[in-house]
Novice: 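Sharing a structure, written as structure tokens. Questions coming.
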Amino acid sequence: MSVSAVYKVNGMSCGHCEGAVSGEISELPGVSSVKAVASTGEVTVVSAEALREEDVRAAVDEAGFELVGAV
């Protein structure tokens, strides 16, 4: 079973931004896919089980952006 969650991220403006955010989040345990869309600021994450928001926040921070929260 997998869980899908959508997060709002501030600061993404281009494909490079999307890649940076996707790359950091994809390193979290259990994550199977990440799709970041700069134009909407939304990041869709599919994982084996629900992720802790603080873990997602840390990954987004590492990429240099700000996690607003789950949508």
Side-chain angles (χ1 to χ4, degrees):
M1 184 180 134
S2 63
V3 177
S4 180
V6 179
Y7 299 93
K8 190 78 168 172
V9 175
N10 279 344
M12 293 189 300
S13 60
C14 64
H16 177 76
C17 300
E18 294 170 348
V21 170
S22 296
E24 290 295 336
I25 295 175
S26 67
E27 291 179 13
L28 294 174
V31 172
S32 56
S33 78
V34 182
K35 179 170 175 49
V37 181
S39 61
T40 62
E42 292 187 348
V43 181
T44 304
V45 182
V46 178
S47 55
E49 55 190 40
L51 299 174
R52 296 179 342 153
E53 188 164 307
E54 54 264 36
D55 293 340
V56 177
R57 183 176 306 280
V60 171
D61 285 349
E62 187 66 32
F65 300 93
E66 178 194 3
L67 178 71
V68 177
V71 177

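Position 1 is the first residue of the sequence, and the numbers go up from there.
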Novice: Quick one: does E18's side chain have a donor or acceptor within less than 3.5 Å of a partner on A38's backbone?
Specialist: yes
Novice: Would you say that Y7 contacts L51 through its side chain, given a criterion of any heavy-atom pair below 4.5 Å between the two side chains?
Specialist: yes
Novice: Applying the 4.5 Å side-chain criterion to the ILVMFWY set and letting contacts propagate, would L28 and V34 be lumped into a single cluster?
Specialist: yes
Novice: Are more than 12 heavy atoms, taken from residues, nucleotides or ligands other than E54, located less than 6.0 Å from that residue's CD atom?
Specialist: yes
Novice: What are the two closest heavy atoms between S4 and V46, and how far apart are they?
Specialist: OG-CG2, 4.2 Å
Novice: What's the verdict on side-chain contact (heavy atoms from CB on, under 4.5 Å) for S22 and V43, showing C-alpha distance, side-chain angles and the deciding distance?
Specialist: CA-CA 8 Å; S22 296; V43 181; 5.6 Å; no
Novice: Looking only at atom types and distance, does a side-chain atom of S47 sit under 3.5 Å from a main-chain N or O of G30, one as donor and one as acceptor?
Specialist: no
Novice: Taking all non-hydrogen atoms of both residues into account, name the closest pair between M12 and A36 and its distance.
Specialist: SD-CB, 4.0 Å
Novice: To the closest 0.5 Å, what do you measure between OG1 (T44) and CD1 (I25)?
Specialist: 10.0 Å
Novice: Go through the steps to decide whether L67 and E53 satisfy the test side-chain contact (heavy atoms from CB on, under 4.5 Å), and finish with yes or no.
Specialist: CA-CA 9 Å; L67 178 71; E53 188 164 307; 3.9 Å; yes
Novice: Once you round to the nearest 0.5 Å, how far does CD of E49 lie from CE of M1?
Specialist: 9.5 Å
Novice: So, for F65 and G11, which heavy atoms are closest and what is the spacing to 0.1 Å?
Specialist: CE2-O, 3.3 Å
Novice: Please report the shortest heavy-atom distance between G23 and S26, naming the atom on each side.
Specialist: O-OG, 2.9 Å
